[in-house]
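Data block below; observations after.
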Amino acid sequence: MDHHKASDQRVTLPGRGAGGHAALTLVLMIALICGAVAAGNLWNAGAEADRELAAHRHRVQATTTGPTKDPPVATRYGAPPRSVAPAVWEQPDNVRRSGTIHVPPRTPQGRTVTIWVDDTGTPARPPGSAADRALTSLSGGSVATAAVGAIGAGALVLVRRRTQARRLAAWEQEWEQVEPVWSGRLRRGSAPGGDDE
């Protein structure tokens with residue numbers, strides 16, 4: 001085999017795919033879209049639940065009838081301090097009710113405070129606010145974005161490793177064919193399968 005044929009042999013070295021950055025960008029875009037969709041769904045679901053709850057919640061004025069009592073120590077951590085006190089109030093149909101309600105610490109007897117009650121006049125938690133819904137939506141959207149992004153990035157890593165392994169195998173096979181000619185080993189000895197006699 002002459003030098004011209006040897007020079008026509010080309011070895012393709014394994015390298016990084018040009019589409020790697022594009023694939024990563026696509027994964028990030030999909031993750032952001034999924035996060036936005038999740039956040040929107042959480043917002044809509046929360047708004048619907050809050051509307052349903054608000055239909056059965058009523059703000060009324062209650063008057064404390066005794067001294068406040070501090071809550072147990074176990075309930076103080078992780079939440080704003082709220083004491084309890086006996087009080088009277090009127091539910092929406094003007095029926096007088098009495099019971100224990102949450103009040104700010106050191107609320108004096110005879111102080112009027114605003115509380116939320118349900119349809120039966122029993123103290124209940126207020127409907128959620130837009131700020132609460134926004135926090136829940138952002139948290140859920142962030143989790144969805146991170147999860148989809150992690151799964152997509154993991155898939156890209158696996159595909160990249162398999163692609164590189166195939167490229168290396170193809171390169172090694174091509175090098176086995178080209179290297180003897182390129183290095184001149186065939187010129188010093190007999191060509192594989194050839195007969196010098």
Side-chain angles (χ1 to χ4, degrees), residues 10-62 70-84 91-92 100-105 113-176:
R10 295 183 179 179
V11 178
T12 303
L13 294 176
R16 297 180 176 231
H21 292 295
L24 181 59
T25 301
L26 180 61
V27 167
L28 291 177
M29 288 179 62
I30 292 174
L32 288 173
I33 291 172
C34 290
V37 170
N41 289 338
L42 286 171
W43 175 272
N44 292 335
E48 180 63 27
D50 288 341
R51 282 193 296 269
E52 179 67 21
L53 187 62
H56 302 283
R57 293 292 185 269
H58 314 279
R59 294 179 65 175
V60 298
Q61 299 298 314
D70 291 335
V73 174
T75 66
R76 295 182 186 177
Y77 299 102
R82 299 180 68 190
S83 301
V84 294
Q91 62 189 76
T100 301
I101 63 171
H102 288 284
V103 295
V113 295
T114 301
I115 64 171
W116 286 86
V117 297
D118 59 19
D119 291 336
T120 66
T122 303
R125 71 178 181 87
S129 64
D132 294 333
R133 287 197 303 275
L135 181 60
T136 300
S137 300
L138 288 175
S139 299
S142 298
V143 170
T145 299
V148 174
I151 293 172
L156 284 180
V157 169
L158 290 177
V159 170
R160 185 186 186 95
R161 286 181 179 175
R162 290 183 179 181
T163 301
Q164 287 182 341
R166 286 196 298 267
R167 287 178 178 172
L168 284 172
W171 180 83
E172 288 176 359
Q173 184 178 6
E174 188 175 353
W175 180 249
E176 287 177 359

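From a predicted model like this one, the values you see are computed outputs, not experimental measurements.
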Spell out, as yes or no, whether a donor-acceptor pair under 3.5 Å connects the side chain of T122 to the backbone of D118.
no
Show the nearest heavy-atom pair for residues I101 and P123, with the distance to one decimal.
CG2-CG, 4.1 Å
Taking all heavy atoms of S83 and all of P105, pick out the closest pair and write down the distance.
OG-CA, 3.4 Å
Check: residues 28-44 side-chain donor-acceptor pairs under 3.5 Å, at least two apart:
{"from": "N41", "atom 1": "ND2", "to": "V37", "atom 2": "O", "distance (Å)": "3.4"}
{"from": "N44", "atom 1": "ND2", "to": "G40", "atom 2": "O", "distance (Å)": "3.3"}

According to side-chain hydrogen bond (donor to acceptor under 3.5 Å, both in side chains), who are the partners of D119, at least two apart in sequence or on a separate chain?
H56, H58
Applying salt bridge (Lys or Arg N to Asp or Glu O under 4.0 Å), can you list everything that pairs with E52, at least two apart in sequence or on another chain?
none
Start with the C-alpha distance between Q61 and T114, add both sets of side-chain angles, then the distance that settles side-chain contact (heavy atoms from CB on, under 4.5 Å), and finish with yes or no.
CA-CA 5 Å; Q61 299 298 314; T114 301; 3.0 Å; yes
Testing the basics here: between R57 and R125, what is the closest heavy-atom pair and its distance to 0.1 Å?
NE-O, 2.9 Å
Where do R133 and G46 come nearest, in terms of heavy atoms and distance?
CD-C, 3.4 Å
